[in-house]
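Structure record follows, encoded as structure tokens.
Given the structure is predicted, the values throughout are model-derived calculations rather than measurements. Just so you know, ligand 1 is whichever comes first in the structure, and atom 1 is the first atom listed for that ligand.
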Amino acid sequence: MAFFAILPLLYLLTIVQAGLAAHPQTCPPTLSRSLPAPTDLPIIEALPDPWTFFNNASLKSPADWACRKAELLTLVQEYMYGYYPDTSRETVKASRDGDTLVVTVSVGKKSGKFNVTLSMPTNVNATRRDPVPVVISAGGVNDTVFLGSGVALATFTVTDVAADSTTPGGVFWDLYSGEDIGVITAWAWGFNRILDAIIEVVPEFDQKRVGVIGCSRDGKAALAAGIFDERITLTMPMSSGLEGIAPWRFQFQELGENEKITNITGYAPYWTNTNLLKFVNNSHQIPFDSHLNVALVAPRAIIWDEGTIDYWTNPEGEARVTFLASKAVYDWLGASDKIGVAIRDSGHCDIFGYTNIQAFMLKEFFGTPTDRNYSDISPYTPYPTAYPWIDSAPGKSLG
Ligand SMILES: *[C@@H]1O[C@H](CO)[C@@H](O)[C@H](O)[C@H]1NC(C)=O
Ligand SMILES: *[C@@H]1O[C@H](CO)[C@@H](O)[C@H](O)[C@H]1NC(C)=O
Ligand SMILES: *[C@@H]1O[C@H](CO)[C@@H](O)[C@H](O)[C@H]1NC(C)=O
Ligand SMILES: *[C@@H]1O[C@H](CO)[C@@H](O)[C@H](O)[C@H]1NC(C)=O
Ligand SMILES: *[C@@H]1O[C@H](CO)[C@@H](O)[C@H](O)[C@H]1NC(C)=O
Ligand SMILES: *[C@@H]1O[C@H](CO)[C@@H](O)[C@H](O)[C@H]1NC(C)=O
Ligand SMILES: *[C@@H]1O[C@H](CO)[C@@H](O)[C@H](O)[C@H]1NC(C)=O
């Protein structure tokens with residue numbers, strides 16, 4: 001009798017304690033959606049401090065990260081991605097026909113579908129009892145890196161989800177026509193709906209080991225997919241550049257030009273919402289930078305690939321600025337080994353990129369040890385001007 005009386009009490013105490021930890025006193029009020037116009041935001045010369053809230057209050061410890069993360073999610077949607085759809089209104093129905101996975105998404109009376117190709121690993125038999133990790137891929141990769149290593153692929157064509165065009169087309173716009181959402185977000189949503197479908201009808205894929213990958217504009221989408229879906233355990237943006245891993249604030253153009261917002265405004269303004277375009281010539285007013293997009297994935301794993309002669313994507317900025325700044329947040333959260341950069345001496349979306357990230361992926365999915373140091377940014381060096389706050393991480397590490 002006594003046992004049964006005490007148990008609920010202990011349970012209640014545990015909940016209360018967990019509640020206190022999750023809602024620290026320093027948490028500022030939730031941001032509303034009526035935020036300042038881009039041109040009314042304060043100018044921030046260096047990368048925005050991860051440990052300062054939007055209202056300028058300081059975080060006190062890693063326990064405050066949940067609050068900071070929540071406001072950052074609002075900021076990146078307000079000023080860049082557009083607001084990700086409310087998936088609680090969606091119904092996802094999946095079916096399989098051979099190697100094809102058909103994903104049907106409905107919202108109210110609207111509905112659309114797209115196809116995904118499933119590829120099984122070549123060196124193991126994927127079964128319900130021994131499920132394999134899966135990487136959801138926007139387009140083709142070096143299959144050997146994945147299928148030859150016990151990892152399945154689920155490959156789709158991003159333009160089936162949303163046209164790479166100012167003119168809306170594809171499943172996403174069938175459902176969300178007229179909304180001020182970027183196509184990068186639409187593509188990210190595609191990755192996420194494929195995972196819904198896999199969970200429904202592909203039991204031989206392991207829901208606890210799920211990667212997303214894409215190169216160039218699809219790499220920007222892979223990063224967004226990792227940000228918006230906590231079920232993704234490994235995010236792999238390749239040659240992603242601006243609106244992906246490249247910083248808005250710091251460019252290194254001695255050897256070749258880096259892409260700027262003004263360039264994107266010319267040929268693909270639809271990749272983001274309309275607010276982002278208002279930061280042309282004012283990128284110092286963006287209340288986040290790419291290091292915080294990366295930090296939104298933490299403490300889940302992320303590895304990115306970049307080529308030293310792929311100047312348009314600002315590879316120097318991705319390593320010297322974004323990597324070291326976002327790693328500071330990972331370190332602080334006790335997740336140092338969950339972030340990596342893989343630098344290679346070649347160009348945009350070089351096929352070698354997949355081999356470049358392979359050891360990190362195998363460590364993440366199978367615990368396979370590697371001698372490779374994925375924190376090594378050589379041939380580059382740190383760029384401390386970008387992160388004057390780096391040594392002021394508040395409180396103790398959770399790790
Ligand atoms: C935070 O501080 C900056 C610099 O002093 C200022 O420009 C900005 O308005 C402050 N933000 C808020 C929300 O008070
Ligand atoms: C999608 O896959 C289904 C089932 O295999 C097939 O009938 C259909 O033609 C495919 N659609 C497209 C656009 O390829
Ligand atoms: C996979 O299953 C097939 C058929 O049962 C079998 O012949 C093959 O040896 C298995 N492969 C591995 C790697 O276990
Ligand atoms: C990118 O924009 C800059 C600034 O307006 C311009 O000088 C440059 O020519 C553009 N680059 C390309 C490749 O369009
Ligand atoms: C941005 O700056 C460039 C170069 O000074 C100028 O030509 C262009 O008109 C500016 N664009 C906007 C939208 O202010
Ligand atoms: C594909 O990946 C395998 C395994 O990493 C590698 O040995 C091979 O060289 C790669 N192929 C290309 C064209 O990069
Ligand atoms: C990996 O490289 C970084 C940067 O050069 C260095 O600080 C770190 O000590 C290295 N880690 C190991 C395990 O060698």
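Where the criterion is an N or O separation shorter than 3.5 Å, residue side chain and backbone included, Asn56 meets it with respect to ligand 1.
Other residues, nucleotides and ligands place more than 12 heavy atoms under 6.0 Å from the CG atom of Asp40.
Protein heavy atom nearest atom 6 (C) of ligand 6, with residue, atom name and distance: Thr355 OG1, 3.8 Å. If you check which protein heavy atom lies closest to atom 5 (O) of ligand 6, you get Gln358 OE1, 2.7 Å. Ranking protein heavy atoms by distance to atom 7 (O) of ligand 1, first place goes to Pro42 CB, 3.5 Å. From the protein, the heavy atom lying nearest to atom 4 (C) of ligand 5 is Asn281 ND2, 4.6 Å.
Proximity of atom 14 (O) of ligand 6 to the protein is indicated by at least one non-hydrogen atom lying closer than 4.0 angstrom. Put simply, atom 10 (C) of ligand 1 has protein non-hydrogen atoms near it, under 4.0 Å away. Protein non-hydrogen atoms do reach within 4.0 Å of atom 2 (O) of ligand 5.
Aromatic ring centroids of Phe252 and Tyr383 lie under 6.0 Å apart. Ring centers of Phe228 and Trp189: at least 6.0 Å apart, outside the cut-off. Residues Trp248 and Phe288 keep their aromatic ring centres 6.0 Å or farther apart.
To the nearest 0.5 Å, the span separating CD on Glu78 from CG on Leu73 amounts to 13.0 Å.
With ligand atoms numbered from 1 in the order given, ligand 1 contributes 13 (C) to contacts under 4.0 Å with heavy atoms of Phe54.
Listed by first and then second residue, the ring-ring contact (aromatic ring centres under 6.0 Å, His included) pairs involving residues 121-170 are Phe156-Phe191 (not counting sequence neighbours).
By heavy-atom distance, the residue among Val141, Thr144, Asn142 lying nearest atom 8 (C) of ligand 6 is Asn142.
Taking the centre and axis of the six-membered ring of Phe360, the NZ or CZ atom of Lys363 falls inside the cone set by 45° and 6.0 Å.
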